[in-house]
Amino acid sequence: MTYFSDVLLGVIEGITEFLPISSTGHLLLAEHWLGARSDTYNIVIQAGAILAVTLIYWRRIMDLLLHWRVPANRDYLIKLTIAFLITAILGLIVKKLGFALPSTIQPIAWALVIGGIWMLAAEHFAAKLPDSATITLRVAIAVGLAQVIAGVFPGTSRSAATIFVAMLLGTSNRAAATEFAFLVGIPTMYAASGYELLSQFRHGTTEGDWTSLSIAFVVSTITAFVAVKWLLSYIRSHRFTAFAIYRIIFGCVLLALTAAGIIT
């Protein structure tokens, strides 16, 4: 892989990680032409995207932590913790069961198409609910479960699964649902990346050119920062419909390419 490939993969990861369009499908397609990536590489570029979202929500995070005695903040932190623990515990169980992510395009392509259709339906039904920014206990539990499901079925998109579950179960305000989904995603993704990286160090399986890793990390961080900032502004006055349509089209293109034998 060249440094240009590192830049390109960093851009793809940064754009797709938190937008509800699935980073997995885009990165697998890029890998088909740019070459396979090591597990260490995957962890590092994802860490860049997580760092970007952490920076965007830094003031919100500090407000929650420093003013946790405020009832509203304490309640919000409890809901975040519940969602995170559900994901962490079930995620470890799934890991111990030996579940392996698919390395082929077709199942991810189907997940993109089905997820896009589900997003259109979810947005339709959520629009009929009264506007609410409240995070209830059932929303927190459902978001935790949705993160696990998104991890088990790549192509589903963690952000899409969590945002729309929250919207359907009562947090119908797009901005509020997105904020909770992203804030839950920060400790979840840090924990998952840290767990995988420590496992690799323990078994001596870390690999990769650190110059390439550094380039991809920086590019991913910058791109994700811009992408998430844009998304948060966009959803104030727009639905997620464009993302759903994009997923369906992209998934169909991937299915056509696999059927033609161009990619596997």
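- Residues passing the side chain to side chain contact (heavy atoms under 4.5 Å, CB included) test with L129, sequence neighbours excluded: S172.
- Atom CE of M119 sits about 12.5 Å away from atom CZ of R239, to the nearest 0.5 Å.
- In terms of the side-chain hydrogen bond (donor to acceptor under 3.5 Å, both in side chains) criterion, Y234 has no residue partners (sequence neighbours excluded).
- Grouping Ile, Leu, Val, Met, Phe, Trp and Tyr residues whose side-chain heavy atoms lie under 4.5 Å apart, directly or via other members, places L66 in a hydrophobic cluster with W58, M62.
- Residues satisfying the side chain to side chain contact (heavy atoms under 4.5 Å, CB included) test with A176, not counting sequence neighbours, are A133, T171, N173.
- For E123, the salt bridge (charged side-chain N to carboxylate O under 4.0 Å, His left out) test picks out no residue, with sequence neighbours left out.
- Other cluster members for I117: W110, V113, L120, I248, L255, joined by side-chain heavy-atom distances under 4.5 Å among Ile, Leu, Val, Met, Phe, Trp and Tyr.
- The side-chain hydrogen bond (donor to acceptor under 3.5 Å, both in side chains) check on T16 picks up nothing, with sequence neighbours excluded.
- Listed by chain and number, the residues in a side chain to side chain contact (heavy atoms under 4.5 Å, CB included) with T211 are Y3, D209, I215 (sequence neighbours excluded).
- Using bins of under 30°, 30° to 60° and over 60° for the plane-to-plane angle, the ring pair F250/H26 lands in the parallel bin.
- Remark: L19 pairs with I15, I21, A227, W230, L231, F243 by the side chain to side chain contact (heavy atoms under 4.5 Å, CB included) rule, at least two apart or across chains.
- For the side-chain hydrogen bond (donor to acceptor under 3.5 Å, both in side chains) test, residues two or more places apart in sequence or in another chain that qualify with R158 are Q147.
- Residue pairs that meet the salt bridge (Lys or Arg N to Asp or Glu O under 4.0 Å) test with at least one member in residues 72-94, sequence neighbours left out, are D75-K79.
- Side chains of L64 and L80 form a contact here, defined as non-hydrogen atoms less than 4.5 Å apart.
- Partners of S132 under the side-chain hydrogen bond (donor to acceptor under 3.5 Å, both in side chains) rule, at least two apart in sequence or in another chain, do not exist in this structure.
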